[in-house]
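Before any comments, here is the structure.
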2 protein chains.
Amino acid sequence: MENPTPASWESLPSWLLTQTAGHAHRLVFDGFASVGARGYHYRLLATLAEFGPASQAALGRRSGIHVSDMVATINELADEGLVERAPDPADRRRNVISMTTAGKRQLRRLEKELAETQERLLEPLSTEERQRLTELLSTLLDHHNRRTGAPEEPWR
Amino acid sequence: MENPTPASWESLPSWLLTQTAGHAHRLVFDGFASVGARGYHYRLLATLAEFGPASQAALGRRSGIHVSDMVATINELADEGLVERAPDPADRRRNVISMTTAGKRQLRRLEKELAETQERLLEPLSTEERQRLTELLSTLLDHHNRRTGAPEEPWR
DNA sequence: TCGAATCGTTGGGCGCACTAACGATCGTGC
DNA sequence: GCACGATCGTTAGTGCGCCCAACGATTCGA
């Protein structure tokens, strides 16, 4: 007799969205944790794989990871031997970050884990429903990214 | 020339979900902030309005707010004169929390703000699309709430 | 009646995102 | 040439939402 009626806000789109995202976050987090990593680790490794070695600032811009968090993220990955930090001979302010072989291996593990997580997340939805959801969310995300300055717009 | 290609993970459902939820959260947060409140304040006031006065523990169960955060939330609302904390004569472990007239007024403001926020959040979607999105998210949320022990299941 | 359960409270932690400030370095306009 | 502004890496600290552990006080149940 403690929780008979659902709370009034539980049907609001903003609630559905943030709560579902909470579940998604937990699933992703647990998946990464099972391979000894967390979100920022994956994003950094994936960015390195996609764009190649780069300075910390550039990696921050491309991955959406804040520069000040980038420091710790790289420290952690470097301690595990997954990335390497080397001074840039062409610009002594910069470090050049690159992925090691172990880093590439770890990235593959994380991608596999992440793919399985998508499956767990969308489990109750049919293929068409998944497609539809993805489209709707993309529309929403694009809209708000444009309104709120996209994750990345270095020039202006 | 900094961000030509979108990152590889940006089309993943989990990413779309958590990012969109981030925007939703910010919109809700800003809306509440414009009335001098935050999420927990609204949830507590709404729970009180829906279920009536109750102990802090019961409010925590109904609102999904952790008991230890409940303390601070009630402190803040009580300082503003929006709720009242009185010892329960029937059980000296308990406090009975109730809403003041000012609290009800504030709740109405927050509900108005929240409704406007839903509009801002869903702006680019048609009525049918909003309906569809809500259904899909509800399906997902129900599924995962069941799997992960619902927000509230005091018995068993 | 006495141990187990509940209540309120304090004090911490986490992930993610962000801000402010700093010394070091670079590069451009004058 | 060189001074000033911009950029780079780094440290330190903020905030929300969520959670855990522990505590004294009180109540309940077998």
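So you know, we letter chains A, B, ... as the sequences are listed, proteins then strands, and number each from 1. Note that the structure is predicted; figures quoted are calculated from it, not measured. In what follows, every heavy atom counts, from backbone to side chain, and hydrogens, waters and symmetry copies are set aside.
Salt-bridge formation is detected for the pair B:Glu76/B:Arg38: a Lys NZ or Arg NE/NH1/NH2 atom is positioned less than 4.0 Å from an Asp or Glu carboxylate oxygen. A salt bridge is defined here as a Lys NZ or Arg NE, NH1 or NH2 lying under 4.0 Å from an Asp or Glu carboxylate O, and B:Arg120 with B:Glu113 meets this definition. Salt bridge status for B:Glu135 with A:Arg132: absent, with no side-chain N to carboxylate O gap under 4.0 Å.
Of the candidates C:dT10, C:dC16, D:dG9, the closest approach to any side-chain atom of A:Arg94 belongs to D:dG9. Comparing C:dG15, D:dG17, C:dG8 against the side chain of B:His25 picks out D:dG17 as the nearest. Distances were taken from every side-chain heavy atom of A:Arg85 (C-beta onward) to each of D:dT10, C:dA24, C:dG15; the shortest belongs to D:dT10. When distances are taken from the side chain of B:Arg93 to each of C:dC26, C:dG8, D:dA25, the shortest belongs to D:dA25. Taking every side-chain heavy atom of B:Ser68 into account, D:dC19 is the closest of D:dC19, C:dC18, D:dT26. Comparing C:dG8, D:dT10, D:dC19 against the side chain of B:His66 picks out D:dC19 as the nearest.
Contact between the side-chain N/O atoms of B:Asn95 and the OP1/OP2 oxygens of C:dT9 is found at a separation under 4.0 Å. Residue B:Gln56 places none of its side-chain N or O atoms closer than 4.0 Å to OP1 or OP2 of C:dT6. Within the 4.0 Å cut-off from OP1 or OP2 of D:dC18, at least one side-chain nitrogen or oxygen of A:Gln19 is found.
Nucleotides of DNA chain C nearest to B:Trp15 and B:Ile74 differ in position, and the one nearer the 5' end is that of B:Ile74. Along DNA chain D, the nucleotide closest to A:Asp91 and the one closest to B:Arg92 are compared, and the more 5′ of them pairs with A:Asp91.
A side-chain donor-acceptor contact under 3.5 Å links A:His23 and A:Arg26.
Whole-Å rounding puts the A:Phe29 CZ to D:dC19 P distance at 13 Å. In this structure, CE of A:Met70 is placed 17 Å from P of D:dT7, rounded to the nearest angstrom. In this structure, NE2 of A:His23 is placed 10 Å from P of D:dC19, rounded to the nearest angstrom.
In this structure, B:Glu129 CD and A:Leu140 CG are separated by 9.5 Å, a value rounded to the nearest 0.5 Å.
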Query raised in the report: Does the salt bridge (charged side-chain N to carboxylate O under 4.0 Å, His left out) test come out yes or no for B:Asp88 and B:Arg92, once each step is laid out?
Result: CA-CA 6 Å; B:Asp88 184 341; B:Arg92 280 188 297 176; over 6 Å; no
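With hydrogens and angles ignored, a donor-acceptor pair under 3.5 angstrom links the side chain of B:Asp69 to the base of D:dC19.
Within the nucleic acid shown, B:Arg43 comes within 4.0 Å of sugar-phosphate atoms alone, with no base atom in reach, counting heavy atoms only.
Of the residues in residues 31-41 of chain A, those with a non-hydrogen atom less than 4.0 angstrom from any atom of DNA chain C are A:Arg38, A:Gly39, A:Tyr40.
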